Amino acid sequence: MKEYESKLQSEEMDRLCEAFLSLKTKEECYRFFEDICTINEIKALEQRLQVASMLINKITYLEIANKTGASTATISRVNRCLNYGSEGYKIVLDRVSGK
């Protein structure tokens with residue numbers, strides 16, 4: 001498999017990735033997220049993952065907006081990532097759903 005090259009790649013981003021990968025429990029994740037992000041940033045990430053899951057399950061934009069409170073711009077952005085992005089959502093959602 002070809003090594004992935006990110007537009008975000010830097011020593012600092014490598015360190016952030018290593019920080020995430022070092023977490024071993026949900027409690028550690030909660031603690032780290034609470035320290036590194038604002039509540040609004042965490043909620044935005046949470047919402048995007050929920051939107052991605054719903055889009056993969058063929059839920060309509062209107063239903064997604066009603067259930068999550070996400071704007072159509074956010075839903076569209078997540079959909080664009082699912083269709084043309086780096087497959088990050090797919091990797092995570094496949095793993096957390098047990099596929």
Side-chain angles (χ1 to χ4, degrees):
M1 177 187 250
K2 182 183 157 208
E3 186 173 327
Y4 177 72
E5 293 181 33
S6 172
K7 298 172 212 127
L8 299 173
Q9 196 153 3
S10 68
E11 281 186 39
E12 294 79 13
M13 189 63 187
D14 285 351
R15 185 172 170 96
L16 180 60
C17 290
E18 289 166 10
F20 282 120
L21 292 169
S22 76
L23 301 170
K24 293 183 174 48
T25 66
K26 283 183 187 178
E27 181 184 338
E28 288 180 357
C29 289
Y30 275 101
R31 289 170 178 257
F32 186 63
F33 275 116
E34 286 178 14
D35 284 350
I36 200 166
C37 297
T38 66
I39 298 297
N40 287 339
E41 289 168 336
I42 294 167
K43 293 295 182 187
L45 295 171
E46 202 176 85
Q47 183 185 65
R48 289 177 192 165
L49 190 60
Q50 184 181 15
V51 167
S53 177
M54 294 174 83
L55 285 167
I56 287 171
N57 287 302
K58 309 294 185 208
I59 308 297
T60 67
Y61 274 39
L62 183 58
E63 289 177 272
I64 294 170
N66 288 337
K67 176 150 173 99
T68 67
S71 68
T72 54
T74 295
I75 298 167
S76 183
R77 181 189 184 287
V78 171
N79 193 47
R80 192 169 45 255
C81 288
L82 288 171
N83 291 314
Y84 306 107
S86 304
E87 297 189 4
Y89 281 119
K90 183 180 179 340
I91 291 166
V92 167
L93 290 170
D94 283 353
R95 288 183 184 162
V96 298
S97 68
K99 290 183 180 177

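These values consider heavy atoms only, across backbone and side chains, with no hydrogens, waters or symmetry-generated copies. As the structure is a prediction and not an experimental result, all values here were calculated from the model.
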Discussion item. Can you tell me how the ring of F20 sits relative to the ring of F32, calling it parallel under 30°, perpendicular over 60° and tilted otherwise?
Written reply: perpendicular
Worksheet item: Would you find a donor on one side and an acceptor on the other, under 3.5 Å apart, between the side chain of E28 and the backbone of K24?
Response: yes
Fill in: ILVMFWY cluster, L45 and Y30 together (side-chain gap under 4.5 Å)
no
Practice prompt. Treating Ile, Leu, Val, Met, Phe, Trp and Tyr as nodes and any side-chain heavy-atom pair under 4.5 angstrom as an edge, say whether V51 and I42 lie in one connected cluster.
Written response: no
Worksheet entry | Shared hydrophobic cluster for V96 and L82 (ILVMFWY, side-chain gaps under 4.5 Å) | yes
Practice prompt. Enter the distance from R48:CZ to I75:CD1 here, rounded to the nearest 0.5 Å.
Written response: 12.5 Å
Discussion item. Quick check for you: to the nearest 0.5 Å, what is the distance between Y61 atom OH and L55 atom CG?
Written reply: 6.0 Å
Worksheet item: Nearest 0.5 Å, what's the OG1-CG distance between T68 and L49?
Response: 12.0 Å
Fill in: Pair R15-E11, salt bridge (Lys or Arg N to Asp or Glu O under 4.0 Å): steps then yes or no
CA-CA 6 Å; R15 185 172 170 96; E11 281 186 39; over 6 Å; no
Worksheet entry | Inter-residue atom distance N79.CG - T74.OG1, 0.5 Å rounding | 12.5 Å
Item to complete: Spell out, as yes or no, whether a donor-acceptor pair under 3.5 Å connects the side chain of S6 to the backbone of L8.
Response: yes
Item to complete: Can you measure from CD (Q47) to CE (M54) and round to the nearest 0.5 angstrom?
Response: 10.5 Å
Practice prompt. To the nearest 0.5 angstrom, please state how far the CD atom of Q50 sits from the CD1 atom of I64.
Written response: 9.0 Å
Worksheet item: Are more than 12 heavy atoms from other residues, nucleotides or ligands located less than 6.0 Å from atom CD of E41?
Response: yes
Fill in: V92 with I59, same ILVMFWY side-chain cluster at under 4.5 Å
yes
Discussion item. Between S22 and A19 (side chain of the first, backbone of the second, donor and acceptor by atom type, cut-off under 3.5 Å), is there such a pair?
Written reply: yes
